[in-house]
Amino acid sequence: MSDERPQSHGRRGSLLGNSGWNFAGFLFTLVANLATVPFVVRWIGLQALGNAGIVIAIAAPVTLIGTVLGQAIIREVSARIGRGEEHAAARVAIVGLKICLVASAIAWLGIVFAGPWIMTGIAGTSLPTSQNVTISFLIVATGTLAQQFSLVLQGICVGKQSFRLVAKASAWSSFATIVMTLGCTWCLPTLNGYLLGFSGSLMLATAGWIWITRSEFRDDGELVSSSPDELRSLLHFGKWQSLSQLAGIFGNQMDRYVLASLAPPAVVGQYNVCNRVQEAAYIAVMRICEVLFPRFGNMSNSREEERHDFFMLASWGNSAFGAIVLSPIAVLSRPLLTVWVGEETAAGGTHLLQILILGGIVGCGSNVFQYYAMGMGRNAPAAYTSLVYSLMTVIFSFVSIWHFGPYAAGAGLLAASLVRVPLALVVTRRCFFRAFSVEQMFACTVAPILVGICVVIGSLGLDFTWINGWLSLGFAYVCSACVVSAAIAAAALTTKTGSIILSRVYASFRTALSERRRGWMTIL
């Protein structure tokens with residue numbers, strides 16, 4: 001690795017600063033998740049929560065619209081800003097919103113008319129007889145339609161690296177989630193009451209995104225117009241990304257589909273609670289990592305050596321942060337579920353949460369590869385890798401649940417992730433960096449993941465009966481995170497690449513602290 005560092009470009013700001021704002025946005029989302037789930041379980045029960053999870057899972061493929069458009073916009077906006085084409089970046093945003101409107105309207109009709117039929121085929125006799133499932137899908141379809149616009153608006157802000165706006169919108173979204181979910185579920189403690197709060201929170205969050213980002217669509221006081229060039233650019237990016245994301249959505253939802261057909265809704269409810277924890281923690285890693293996407297887009301014209309160095313630094317940081325955040329959750333899975341939701345969920349969900357978290361730790365190893373491929377505008381390798389991963393997830397999930405029962409849910413995700421990471425590393429070497437050696441692959445990606453897995457496995461026999469509240473749970477989490485951090489740093493020192501990365505990380509933090517100190521001195 002060379003000692004050169006990527007230079008700043010205009011409005012990008014520091015990578016650490018952007019990550020800080022993005023992580024702040026995640027914290028608001030985490031608070032919303034922690035605040036709502038225990039009350040929802042208490043008011044409507046695990047069975048109704050399980051059925052609600054099935055409805056939401058059936059509608060989940062529609063998020064392909066906002067996700068793909070958002071990522072396409074990030075790529076095109078960041079690339080144009082990197083070339084100094086601010087007007088073209090604004091036109092891309094307008095075209096993306098127009099596409100979102102048309103596609104979301106069609107998807108809304110599909111959810112409303114096909115959703116009840118699909119749920120009948122999956123859940124069968126487990127369907128609630130006292131609820132109108134058609135109304136359930138009408139409610140969820142409306143909220144999902146609104147959600148796609150918030151995803152596109154988020155893509156616009158991320159493409160411009162306006163992470164301060166993302167944090168503000170996340171704070172508003174979290175407030176909307178708490179108020180709408182708890183308010184509607186408390187007033188109407190049924191399946192549709194919870195879904196009404198779920199969709200209402202998405203609609204209110206989208207309204208906040210529109211208000212916060214309203215100035216992004218004006219240039220010198222005039223509305224920005226669009227042209228066919230922006231449409232072609234977005235469609236070119238989206239053709240591969242649609243395949244990748246669609247396969248990923250089905251792979252992520254496969255456990256719910258299989259559980260709905262083979263297990264009672266209460267088990268699906270347990271899975272939803274555990275998966276909510278895993279998703280919230282994994283989103284923390286993604287929020288830190290997704291700032292790399294526009295940065296890679298800005299670096300698309302940089303020298304390969306510079307991109308290679310930055311890629312390895314980013315890979316190590318993402319894998320290390322993922323292990324530090326996720327491993328303690330697996331270690332403390334039973335006391336976490338007991339304190340958070342209750343003993344009933346903890347009794348059946350502990351093993352399930354551990355499997356899901358291990359899958360998340362391993363999955364962190366391929367995040368930077370995905371963002372780099374998209375940032376370079378080379379979506380085909382990432383799409384094929386995601387397709388293989390999703391197919392393996394579907395097959396492994398069905399086989400594991402069919403043979404070992406409902407509590408093997410998540411094993412398919414873990415098994416597929418164990419194949420995806422080495423596949424992503426091989427594709428990275430063949431398609432992007434020929435000089436990417438085996439030692440570098442191990443140091444920047446595999447080593448932090450192995451440390452996290454070893455800590456989780458080594459702690460399985462530990463007794464945490466002394467944890468009886470949030471304060472003791474938080475103390476145990478911090479101690480576990482410190483142990484994982486120290487182990488990752490020690491593992492990094494055993495390799496040449498790891499030692500260089502550690503020195504770079506230390507230098508970056510020292511520079512950031514110095515700049516912050518100078519800023520405070522200027523204010524004083």
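Throughout, residue positions are numbered sequentially from 1 according to the sequence presented. Computed from a predicted model, the values in this text were never measured in an experiment.
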Worked verdict on Y372 versus R307 for side chain to side chain contact (heavy atoms under 4.5 Å, CB included)
CA-CA 9 Å; Y372 182 82; R307 286 186 275 114; 2.5 Å; yes

List the steps and the verdict of side chain to side chain contact (heavy atoms under 4.5 Å, CB included) for V41 and V37.
CA-CA 6 Å; V41 172; V37 171; 4.2 Å; yes

Is there a side chain to side chain contact (heavy atoms under 4.5 Å, CB included) between L145 and T142 once you walk through the steps?
CA-CA 5 Å; L145 184 148; T142 304; 5.8 Å; no

Determine whether L473 and Y477 satisfy the following criterion, side chain to side chain contact (heavy atoms under 4.5 Å, CB included), listing intermediate values before the conclusion.
CA-CA 6 Å; L473 180 64; Y477 180 90; 5.7 Å; no

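Atom OG of S315 is separated from atom OH of Y371 by 13.0 Å, given to the nearest 0.5 angstrom. Atom CD1 of I94 is separated from atom CD1 of I73 by 9.5 Å, given to the nearest 0.5 angstrom. Put simply, CZ on F39 and CD1 on I44 are 14.0 Å apart, with the number rounded to the nearest 0.5 Å. Distance CH2/W209 to CG/L151: 9.0 Å, rounded to 0.5 Å. Note that CD1 of I56 is 11.0 Å distant from CG of N51, once rounded to the nearest 0.5 Å. We find the OG-CG distance between S480 and L332 to be 4.5 Å, quoted to the nearest 0.5 Å.
For A141 against V112, the heavy-atom pair with the smallest separation is CB-CG2, 3.8 Å. Scanning all heavy atoms of the two residues, the minimum distance from P328 to A323 falls at CD-O, 3.9 Å. Closest approach of G322 and C364 over heavy atoms only: CA-SG, 3.8 Å. The nearest pair of heavy atoms linking M180 to S201 is CB-N, 3.7 Å. Between A205 and A176, the shortest heavy-atom contact is N-CB, 4.2 Å. Between L337 and C274, the shortest heavy-atom contact is CD1-SG, 4.1 Å.
At least one side-chain heavy atom of M119 sits less than 4.5 Å from a side-chain heavy atom of F137. Taking the side chain as every heavy atom from C-beta outward, C184 and Y194 never approach each other to under 4.5 Å. You'll find the side chain of S136 reaches within 4.5 Å of the side chain of L191, heavy atoms only. Inter-residue side-chain proximity for W43 and L182 is flagged as met; some heavy-atom pair is nearer than 4.5 Å. Here the side chains of L195 and V55 are in contact, with some heavy-atom distance below 4.5 Å. At least one side-chain heavy atom of F369 sits under 4.5 Å from a side-chain heavy atom of T385. For the pair L101 and L97, the minimum side-chain heavy-atom distance is 4.5 Å or more. Within the 4.5 Å cutoff, side-chain heavy atoms of V277 are placed close to those of W340.
Formation of a donor-acceptor pair under 3.5 Å by the N318 side chain with backbone atoms of N367 is not found in this model. With hydrogens and angles disregarded, a donor-acceptor distance shorter than 3.5 Å links the side chain of S150 to the backbone of Q147. Using a distance-only test at 3.5 Å, with no hydrogens or angles considered, no donor-acceptor pair links the side chain of W172 to the main chain of T206. Using a distance-only test at 3.5 Å, with no hydrogens or angles considered, a donor-acceptor pair links the side chain of S199 to the main chain of I139. For the pair Q148 (side chain) and T144 (backbone), a donor-acceptor distance under 3.5 Å is present.
Within a 6.0 Å sphere centred on CG of L471, other residues, nucleotides and ligands contribute 12 heavy atoms or fewer. Around the CH2 atom of W186, the shell of radius 6.0 Å holds no more than 12 heavy atoms that belong to other residues, nucleotides or ligands.
For S333, the side-chain hydrogen bond (donor to acceptor under 3.5 Å, both in side chains) criterion is met by Q354, not counting sequence neighbours.
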